Number of protein chains: 2
Amino acid sequence: MARTTGSHSEITGPRIREAALRLFARHGYAAVSMRQIATEVGVQAGALYNYTADKQSLLFSLMRGHMDELLAAHAALGQDGSPTARLERFTRFHISFHADRPQAVFISYMELRSLEPNNFQIIEALRRDYEDALESILRDGMAGGDFTIADPKIATLAVIAMLTGVNTWYRSAGRLSLEEVEQVYWDMVHRSVTE
Amino acid sequence: MARTTGSHSEITGPRIREAALRLFARHGYAAVSMRQIATEVGVQAGALYNYTADKQSLLFSLMRGHMDELLAAHAALGQDGSPTARLERFTRFHISFHADRPQAVFISYMELRSLEPNNFQIIEALRRDYEDALESILRDGMAGGDFTIADPKIATLAVIAMLTGVNTWYRSAGRLSLEEVEQVYWDMVHRSVTE
DNA sequence: CTTTGATCTGAACATTTGTTCAGTTATCAG
DNA sequence: CTGATAACTGAACAAATGTTCAGATCAAAG
């Protein structure tokens, strides 16, 4: 064996993923060429194929990685406390997690249509898992009298849309700190599900 | 002169716009070729250039048309009534208007990045006009004691994100009628800005 | 140093891209 | 019918696309 430790693969691999994430988020999957990604990394286009089977796999891998991270981090939140406490935790988690990785969030939503059918179904299923977690909180709160909700399915999607919308304008150097943003949104979310 | 009345241009023109709207919404601007649009219309690619200067102009024209329609329809709502009445009218209007033309809405949001800088600024300005209209309602309601809002700028964006999110799941053949959807969202919006 | 194999280059490939334009077709005015 | 012209075809263009691969490069193992 030769060239295992000093190999560049542990550097080039992540750099390709970072460059692809950045470019896909900015210009869209279809508008970005493999040559652009390669240039960003400082390598020729052919070298990319040591790290991904093809362009589609690269996109899927980015999205899959993001969704796995999201679900793992969410699972770590636990299920303790009242529905209200759980909803607050979910709200703050969603905002801060998404604010931390705006590009991956953007891609995972915008580029769903660029996925081949098989890959699409996998990502969709993961997203449903996440939405179901919120829906459970809302249903528990309805059953326990904590929340007043007309339709928990719709409320789930409405809340997620509202929270994910933070990413369209939030910048860490902006007027409000993340903590303040979380507080404002938690107030609005809480009120929207209570009378 | 000849061939003015029986001309096909009044048929082909709109059909090109419809095909482009449908294809851009489904696959994205960059992923759709002029030839695909032409095929959909039943014409050769070259013929498209009797109706648009280039691909970019076609996209811009679709977005510009949508934003103009949106602002005109919104202006027709008027400014009468209390802030609460105006907010309800805005909410119901936004949902029904957007539910009627999901493809144009999708494009006008997703393909902003595909616009050249000049075109981008024009569309962005129109969108800000629309957001400002909602912000005015919220500020009036704060001043009059109708609403309790921590930050009207954020509340504006949060409400619009929530409402536009309807388009990600609403289908006219679905479980709920548009009227029911409007009611559910109006309840949530109203509660989110009041104590 | 020599060998080994991972890493990358650089050129090549078949397609596809947006756009142009000379020429054909079709329809109405006179 | 004749002539005019709007509408369209079909071929052509240079440039760019994703992907492949033989060969060069290079760092570590023996």
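Predicted model only: the values in this text are computed from it and were never measured. Chain identifiers are assigned alphabetically (A, B, ...) following the order of the sequence lines, protein sequences preceding nucleic acid strands; residue numbering begins at 1 within each chain.
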Item to check | Sole candidate of A:L48, A:I37, A:I16 that passes side chain to side chain contact (heavy atoms under 4.5 Å, CB included) when paired with A:V43 | outcome: A:L48

Checklist entry - Is A:T12 near enough to C:dC8 that one of its side-chain N or O atoms lies under 4.0 angstrom from OP1 or OP2? => result yes

Checklist entry - How would you label the contact of A:V41 with the nucleic acid (heavy atoms, under 4.0 Å): base, sugar-phosphate, or nothing? => result nothing

Checklist entry - Nearest-Å distance, CE (A:M34) to C1' (C:dC8)? => result 15 Å

Checklist entry - Roughly how many Å is it from OH in A:Y51 to P in D:dT19, rounded to a whole number? => result 17 Å

Item to check | Length of the NZ-P vector between B:K55 and C:dT17, whole Å | outcome: 9 Å

Next on the checklist: Quick check on side chain to side chain contact (heavy atoms under 4.5 Å, CB included): which of A:M142, A:R86, A:Q79 does A:I137 satisfy it with?
Outcome noted: A:R86

Checklist entry - Does B:S33 place a side-chain N or O at less than 4.0 Å from the phosphate oxygens OP1/OP2 of C:dT17? => result yes

Checklist outcome for this item: On DNA chain D, more 5' by nearest nucleotide between A:A53 and A:Q36 is A:Q36

Item to check | Proximal nucleotide (of D:dT9, C:dC8, C:dT19) relative to the A:V43 side chain | outcome: C:dC8

Checklist entry - Which heavy-atom pair separates A:A104 from A:L21 by the least distance, and what is that distance? => result CA-CD1, 3.9 Å

Next on the checklist: Distance check needed: D:dC21 C1' versus A:Y49 OH, whole Å only.
Outcome noted: 13 Å

Checklist outcome for this item: A:I37 CD1 to D:dA16 C1', in whole Å, measures 15 Å

Checklist entry - So does A:D151 pair up with B:R175, basic N to acidic O under 4.0 Å? => result yes

Checklist entry - To the nearest 10 degrees, what angle separates the axes at the start and end of the helix from C:dC1-D:dG30 to C:dT27-D:dA4, five pairs each? => result 0°

Item to check | Nearest heavy atoms of B:I11 and B:P14, plus distance in Å | outcome: O-CD, 3.4 Å

Checklist entry - To the nearest angstrom, how far is B:I16 atom CD1 from D:dA7 atom P? => result 11 Å

Checklist entry - Relative to the 5' end of DNA chain C, which residue comes earlier, A:A47 or A:R35, by the nucleotide with the nearest heavy atom? => result A:A47

Next on the checklist: Show me the pairs that pass side chain to side chain donor-acceptor pair (under 3.5 Å) and involve residues 21-30 of chain A, at least two apart or across chains.
Outcome noted: A:R22-A:E40

Checklist entry - Between A:F97 and A:R101, is there a cation-pi geometry (under 6.0 Å to ring centre, at most 45° from the normal)? => result yes

Checklist entry - Starting at CD of B:Q44 and ending at P of C:dT20, how long is that distance when rounded to a whole Å? => result 17 Å

Checklist entry - Can you check the B:Q56 CD to C:dT19 C1' distance for me, whole Å? => result 15 Å

Item to check | Options C:dT7, D:dT19, D:dA7, nucleotide nearest the side-chain atoms of B:N50 | outcome: D:dA7

